Protein chains: 2
Amino acid sequence: MKTRITEYRKERKITQEELADAVNVTRQTIISLENGKYKASLVLAHKIAQFFGVTIEEMFLFDREDENL
Amino acid sequence: MKTRITEYRKERKITQEELADAVNVTRQTIISLENGKYKASLVLAHKIAQFFGVTIEEMFLFDREDENL
DNA sequence: ATTATTTGTCAAGTAAACTTTACATTTTAG
DNA sequence: CTAAAATGTAAAGTTTACTTGACAAATAAT
């Protein structure tokens with residue numbers, strides 16, 4: 001699964017810290033999501049998508065590897 | 001957060017076990033999701049939505065309480 | 001009414017999301 | 001060039017999604 005978080009974030013010139021604050025998680029969480037260390041929870045995914053005004057499916061790109069959990 | 005899993009599942013006359021098999025989790029997981037014991041992961045949410053041919057946002061209804069994680 | 005199917009509960013365990021703190025590296029600005 | 005801001009790394013801890021197994025209750029079918 002890939003995400004467009006970094007892409008959308010830079011487009012809007014928002015720092016990781018600002019995004020973290022906006023969706024109420026730590027900066028570490030954003031870093032880890034952007035660097036593929038782990039996957040967002042459903043609610044966090046929703047909050048990030050909402051923040052950028054897109055759908056979850058538009059922000060998070062699922063692929064064949066996502067057959068597993 | 002509410003889900004329409006039960007609703008869509010009954011509409012299609014699919015058992016919890018069949019859905020569980022289809023999205024590759026245990027029956028317990030489906031029961032717990034339907035009964036609000038916990039929230040699906042992003043990938044599971046995607047697989048369930050895909051299975052029913054709808055978007056995540058259509059299957060999982062976020063509300064104000066989802067400000068927290 | 002009795003059996004089979006479906007749904008639910010309980011509890012203990014594993015895995016992964018998220019936090020916290022502290023520090024190191026990279027990028028941007030003056 | 002140098003300082004500040006932004007990004008990254010590491011590690012230990014908490015919480016929660018998900019599993020497994022065994023058994024109980026409700027619904028449907030014969």
Side-chain angles (χ1 to χ4, degrees):
Chain A
M1 199 199 67
K2 286 179 180 172
T3 101
R4 287 183 175 155
I5 300 176
T6 311
E7 189 183 334
Y8 279 84
R9 186 174 59 76
K10 288 189 172 169
E11 230 176 76
R12 300 221 189 163
K13 298 191 178 177
I14 287 166
T15 69
Q16 293 177 331
E17 194 159 22
E18 288 168 336
L19 175 56
D21 289 350
V23 298
N24 222 47
V25 292
T26 62
R27 193 168 59 85
Q28 281 315 312
T29 297
I30 301 299
I31 291 173
S32 301
L33 292 181
E34 289 194 2
N35 297 345
K37 285 214 168 188
Y38 51 69
K39 298 164 185 177
S41 68
L42 182 52
V43 173
L44 179 51
H46 173 252
K47 288 168 78 174
I48 292 174
Q50 279 281 112
F51 179 79
F52 289 107
V54 301
T55 64
I56 292 177
E57 281 86 351
E58 204 168 327
M59 183 61 84
F60 298 88
L61 308 170
F62 302 94
D63 46 33
R64 309 303 143 338
E65 300 140 30
D66 295 319
E67 295 320 302
N68 47 303
L69 285 187
Chain B
M1 200 198 65
K2 286 179 181 173
T3 101
R4 287 183 176 156
I5 300 176
T6 312
E7 189 182 334
Y8 278 84
R9 185 175 60 73
K10 289 190 173 168
E11 229 176 75
R12 300 221 189 162
K13 298 191 176 174
I14 287 166
T15 69
Q16 293 178 330
E17 195 160 20
E18 287 168 336
L19 175 56
D21 289 350
V23 298
N24 222 46
V25 292
T26 63
R27 192 169 60 86
Q28 281 315 312
T29 298
I30 302 298
I31 291 173
S32 302
L33 292 181
E34 289 193 1
N35 296 345
K37 285 214 169 187
Y38 51 68
K39 297 165 184 176
S41 69
L42 183 51
V43 174
L44 179 52
H46 173 251
K47 289 168 78 175
I48 292 174
Q50 279 280 112
F51 179 80
F52 289 108
V54 301
T55 64
I56 292 177
E57 280 87 350
E58 205 168 329
M59 183 61 82
F60 298 88
L61 308 170
F62 302 94
D63 45 35
R64 308 305 142 338
E65 300 141 29
D66 296 319
E67 295 320 303
N68 48 304
L69 284 188

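By convention in this document, chain letters (A, B, ...) are assigned in the order of the sequence lines, proteins followed by strands, and residues within each chain are numbered from 1. Quick caveat, the model's predicted, so the values are computed rather than measured.
Hydrophobic clustering (ILVMFWY, side-chain heavy atoms < 4.5 Å, transitive): B:L61 and B:M59 are in distinct clusters. In terms of hydrophobic clustering, with Ile, Leu, Val, Met, Phe, Trp and Tyr side chains grouped at heavy-atom distances under 4.5 Å, A:L33 and A:I31 are assigned to different clusters.
Of the residues in residues 48-59 of chain B, none lies under 4.0 Å from DNA chain D by heavy-atom distance.
For the side-chain hydrogen bond (donor to acceptor under 3.5 Å, both in side chains) test, no residue two or more places apart in sequence or in another chain qualifies with B:R4. Legend: residues meeting side-chain hydrogen bond (donor to acceptor under 3.5 Å, both in side chains) with B:T6, ordered by chain and number and at least two apart, are B:E34. Residues that satisfy the ring pair (Phe, Tyr, Trp, His ring centres under 6.0 Å) test with B:F62, not counting sequence neighbours, are A:H46.
Picking from D:dC18, D:dA10, C:dG8 the nucleotide with the shortest atom distance to the side chain of A:K37 gives D:dA10. Each of D:dA17, D:dT7, C:dG8 was ranked by its minimum atom distance to the side chain of B:S41; first place goes to D:dA17. Comparing D:dC18, D:dT7, D:dT9 by their nearest atom to the side chain of A:N35 picks out D:dT9. Nearest to the side-chain atoms of A:Q16 among the listed nucleotides C:dG8, D:dC18, D:dT7 stands D:dT7. Nearest to the side-chain atoms of B:I31 among the listed nucleotides C:dT9, C:dC18, D:dA17 stands C:dT9.
Here C:dT7 presents its P atom at 10 Å from CG of B:L19, a figure rounded to the nearest Å. Rounded to an integer number of Å, the gap from B:L42 CG to D:dT16 P is 18 Å. Between the P atom of D:dA17 and the CD atom of B:E34 lies a distance of 16 Å, rounded to the nearest Å. Look at NZ on A:K13: it is 13 Å from P on D:dT7, rounded to the nearest Å. Going from atom CD of B:E18 over to atom C1' of C:dT5 covers 11 Å, rounded to whole Å.
Rounded to 10 degrees, the angle separating the terminal helix axes of the helix from C:dA1-D:dT30 to C:dG30-D:dC1, each built from five base pairs, is 50°.
A distance of 8.5 Å separates CD1 of B:I56 from CD of B:Q50, quoted to the nearest 0.5 Å.
Side-chain contact annotation: B:T29 with B:T26, donor-acceptor N/O pair under 3.5 Å present.
Regarding contacts with the backbone of C:dT6, every side-chain N or O of B:R9 stays at 4.0 angstrom or more from both OP1 and OP2.
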| field | Annotated protein contacts, base or backbone, on nucleotides 20-30 of chain C with a non-hydrogen cut-off under 4.0 Å, one of B, S, - each | value | BBB--------

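Contact check for A:Y8 versus A:I14: no side-chain heavy atoms found under the 4.5 Å cut-off.
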